[in-house]
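In what follows, chains carry the letters A, B, and so on, assigned in the order in which the sequence lines appear, proteins first and then strands, with residues in each chain numbered from 1.
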2 protein chains.
Amino acid sequence: GLKPSTHSSARSRRMVAVRAQSINPEIRKNEEKVVDSVLVAELSKPLTAYCRCWRSGTFPLCDGSHVKHNKATGDNVGPLLLKKQKE
Amino acid sequence: GLKPSTHSSARSRRMVAVRAQSINPEIRKNEEKVVDSVLVAELSKPLTAYCRCWRSGTFPLCDGSHVKHNKATGDNVGPLLLKKQKE
Ligand code: FES
Ligand code: FES
């Protein structure tokens, strides 16, 4: 991570703001740790996308919201795809 | 998201710094979008944990790094668990 500078208050204020931050602003914040389980034998579709961007409206599933997140932030995150067989 | 204030330069600087940020600082930044696929029929273990915190040294697998991330940031993220059967 970036180390806060101690040389000027303006610089210090800025460096503090870019230190490590929460990546989940909204999902299930009442839970200490958000862990989800998938019983792979019960997957119904050939392909199911699971969210890793913490912006999906259908979390833990991916709803495509990673596209907007990546555009807004310059990030490059995407889902985990569970496949029942090679296509 | 938070709207930058236009009333003072100090406040504006601070508000800009807390707007939406990248959640993946390091993993496969040469790729436009990091998507991984799991062929569930090939899972070898009864339980496999996949990372959703973007801090794992064994990404796309979870190596427990979410614990350090959560402590450092106050976040509550955790892995997606793929299970071959109900236990
Ligand atoms: S909506 Fe989060 S990875 Fe697609
Ligand atoms: S290391 Fe990322 S969720 Fe566990």
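By the 4.5 Å heavy-atom criterion applied to side chains, B/L81 and A/V38 are not counted as neighbours.
Proximity to chain B is limited to the backbone of A/I27, based on heavy atoms less than 4.5 angstrom apart.
Distance check: B/H69 NE2 to A/I23 CD1 gives 4.5 Å after rounding to the nearest 0.5 Å. Here the SG atom belonging to B/C51 is positioned 10.0 Å from the CG atom belonging to A/L80, to the nearest 0.5 angstrom. Rounding to the nearest 0.5 Å places CZ of A/R52 at 11.0 Å from SG of B/C53. From B/L82, atom CG reaches atom OH of A/Y50 across 8.5 Å, with rounding to the nearest 0.5 Å.
Listed here is the closest heavy atom pair of B/T73 and A/S22: CB-N, 3.7 Å.
The candidate with the highest count of non-hydrogen atom pairs below 4.5 Å against chain A, out of B/A41, B/P79, B/A49, is B/P79. Options B/K29, B/E31, B/E42, B/K84 differ in how many heavy-atom pairs under 4.5 Å they form with chain A, and the most are formed by B/K29.
Of the residues listed (B/V77, B/N70, B/N76), the one engaging A/K33 in a side chain to side chain contact (heavy atoms under 4.5 Å, CB included) is B/N70, and it is the only one.
Hydrophobic clustering, with ILVMFWY side chains joined whenever heavy atoms are under 4.5 angstrom apart, keeps A/L47 apart from A/V67.
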